[in-house]
Amino acid sequence: MPENSHYALERLRELLRVTTLFTDGKLPTERALSERFGVGRREIRRALEVLEAEGLIWRKQGAGTFLGQKPDNWSDQVASLVPGTNFMEIMEVRLRIEPQLAQLAAMRAKDSDLERMRGLRDKIYERTDADWRELWDGALHRLIAQTAGNQLFLSLFDIINRIRQDPAWQSVRDKARKLDKKLSESRDQHTEIIEAIASRDPARAGEAMRDHLLTLQERLIRQTSMDIPDRQDPTKETKTI
């Protein structure tokens, strides 16, 4: 690429790091980016092609350029799973996938990945409102999944994460989180997962993730038991885990 294209690419990379600029996930137009960086639209277009190839953005003709990877064609099918899925099923799947992702992350994480993980962990606990904590908690767990370096595993994680975004699921999670009044246990567990990955210890990382998810599962069971006093003992549903 010409020098101006390299310049445009570096400026765009810097812009993507400031994700708060794109509340709707949409980037400025090519013309706006061209004016902002003082380079031609051709150079901007070439730089965007590189970022799209890296999976950092996706473009749709007539709609614009968006952060992240292009949505797949089974998104609607995933949405159809929500009504027939309960939190216990979600936790059963998470307990089988995420410890494996943590193990792979311990084998493949770069120093920059670890720095981002610690930053996301700190973000979770900056505020106490449920939406904030759920947002950054999901970002941390997805970064671990991404760091594992297995696209198929990441796709499976994204299916689960999509279901977790359902309002009913988030409501149950919020109530369960309140059982950890000071949030100290969750923060300590997140720290243990990250430091196990940093130590390049797959077994420790997998176990730390499993302990974290089991703690969350226990809180969910306790919360739903309090919400529905006459319900059959929910611990019977977890014997296979």
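Keep in mind that the numbers below use all heavy atoms, side chains included, and drop hydrogens, waters and symmetry copies. Keep in mind the model is a prediction, meaning the values are calculated, not measured.
Annotation: side-chain contact (heavy atoms from CB on, under 4.5 Å) contacts of Gln151 (sequence neighbours excluded): Gln69, Leu154, Ser155. Contacts of Ala203 classified as side-chain contact (heavy atoms from CB on, under 4.5 Å), with partners at least two apart in sequence or in another chain: Asp201. Taking the side-chain hydrogen bond (donor to acceptor under 3.5 Å, both in side chains) definition, one finds that Arg45 meets it with Glu30, sequence neighbours left out. Among residues two or more places apart in sequence or in another chain, the side-chain contact (heavy atoms from CB on, under 4.5 Å) test is passed with Glu10 by Arg13. Residues that satisfy the side-chain contact (heavy atoms from CB on, under 4.5 Å) test with Ala205, not counting sequence neighbours, are Ala102, Ala106, Ala196, Ile197. Partners of Arg108 according to the salt bridge (charged side-chain N to carboxylate O under 4.0 Å, His left out) rule, which considers only residues two or more places apart in sequence or in another chain, do not exist here. For Thr215, the side-chain hydrogen bond (donor to acceptor under 3.5 Å, both in side chains) partners are Gln189, not counting sequence neighbours. With sequence neighbours excluded, no residue satisfies salt bridge (charged side-chain N to carboxylate O under 4.0 Å, His left out) with Arg127. In this view, Arg142 and Asp158 satisfy the salt bridge (charged side-chain N to carboxylate O under 4.0 Å, His left out) rule, not counting sequence neighbours. Under the salt bridge (charged side-chain N to carboxylate O under 4.0 Å, His left out) criterion, Glu52 pairs with Arg59, sequence neighbours left out.
Remark: Arg42 CZ to Ile44 CD1 distance equals 12.5 Å, nearest 0.5 Å. To the nearest 0.5 Å, the span separating CG on Asn4 from CZ on Arg46 amounts to 10.0 Å. In this structure, CD on Glu134 lies 9.5 Å from CD1 on Ile124, to the nearest 0.5 angstrom. Between atom CD1 of residue Ile193 and atom CG of residue Asp188 there is a gap of 11.0 Å, rounded to the nearest 0.5 Å. From Leu27, atom CG reaches atom CG of Leu51 across 8.5 Å, with rounding to the nearest 0.5 Å. Taking CG of Leu12 as the start and CG of Leu56 as the end, the distance is 10.5 Å to the nearest 0.5 Å.
With hydrogens and angles disregarded, no donor-acceptor distance shorter than 3.5 Å links the side chain of Ser5 to the backbone of Ala47. Formation of a donor-acceptor pair under 3.5 Å by the Trp132 side chain with backbone atoms of Lys123 is found in this model.
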Salt bridge (charged side-chain N to carboxylate O under 4.0 Å, His left out) between Glu35 and Arg41, intermediate numbers included: CA-CA 9 Å; Glu35 294 174 353; Arg41 292 180 64 178; over 6 Å; no
Arg204/Glu192 under salt bridge (charged side-chain N to carboxylate O under 4.0 Å, His left out): CA gap, chis, key distance, verdict: CA-CA 9 Å; Arg204 178 185 162 197; Glu192 172 60 17; 2.8 Å; yes
Steps toward side-chain contact (heavy atoms from CB on, under 4.5 Å) verdict (Met88, Ile221): CA-CA 8 Å; Met88 286 302 300; Ile221 292 172; 4.0 Å; yes
Worked verdict on Leu214 versus Arg210 for side-chain contact (heavy atoms from CB on, under 4.5 Å): CA-CA 6 Å; Leu214 284 171; Arg210 181 176 174 81; 3.9 Å; yes
Could you give the side-chain donor-acceptor pairs of residues 115-122 under 3.5 Å, partners two or more places apart or in another chain?
from   : atom 1 : to     : atom 2 : distance (Å)
Arg118 : NE     : Glu195 : OE2    : 3.0
Arg118 : NH2    : Glu195 : OE1    : 3.2
Arg118 : NH2    : Glu195 : OE2    : 3.3
Arg121 : NH1    : Thr191 : OG1    : 3.3
Asp122 : OD1    : Arg187 : NH2    : 2.8

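Minimum heavy-atom separation, Pro99 to Leu213: CD-CD1, 4.3 Å. Taking both residues in full, the closest heavy atoms of Ile57 and Thr65 are given as CD1-CG2, 3.7 Å, listed atom of the first, atom of the second, then distance. The nearest pair of heavy atoms linking Met107 to Pro202 is CG-CG, 3.7 Å. Across Phe157 and Ala145, no two heavy atoms sit closer than the pair CG-CB, 3.8 Å. Contact between Phe37 and Tyr7 at its shortest, heavy atoms only, is O-CE2, 3.4 Å.
Counting only heavy atoms from C-beta outward, the side chains of Lys26 and Leu67 never approach each other to under 4.5 Å. Contact annotation: the side chain of Leu140 approaches that of Ile194 to within less than 4.5 Å [non-hydrogen atoms, C-beta and beyond]. Residues Arg219 and Glu185 meet the side-chain proximity criterion, which asks for heavy atoms closer than 4.5 Å. Using a 4.5 Å heavy-atom threshold, the side chains of Thr147 and Lys110 count as separate.
His190 and His141 have perpendicular rings, their planes meeting at more than 60° on a 0 to 90° scale where under 30° would count as parallel.
Contact check on Arg11 versus Glu14 returns a salt bridge, with a Lys/Arg side-chain nitrogen under 4.0 Å from an Asp/Glu carboxylate oxygen.
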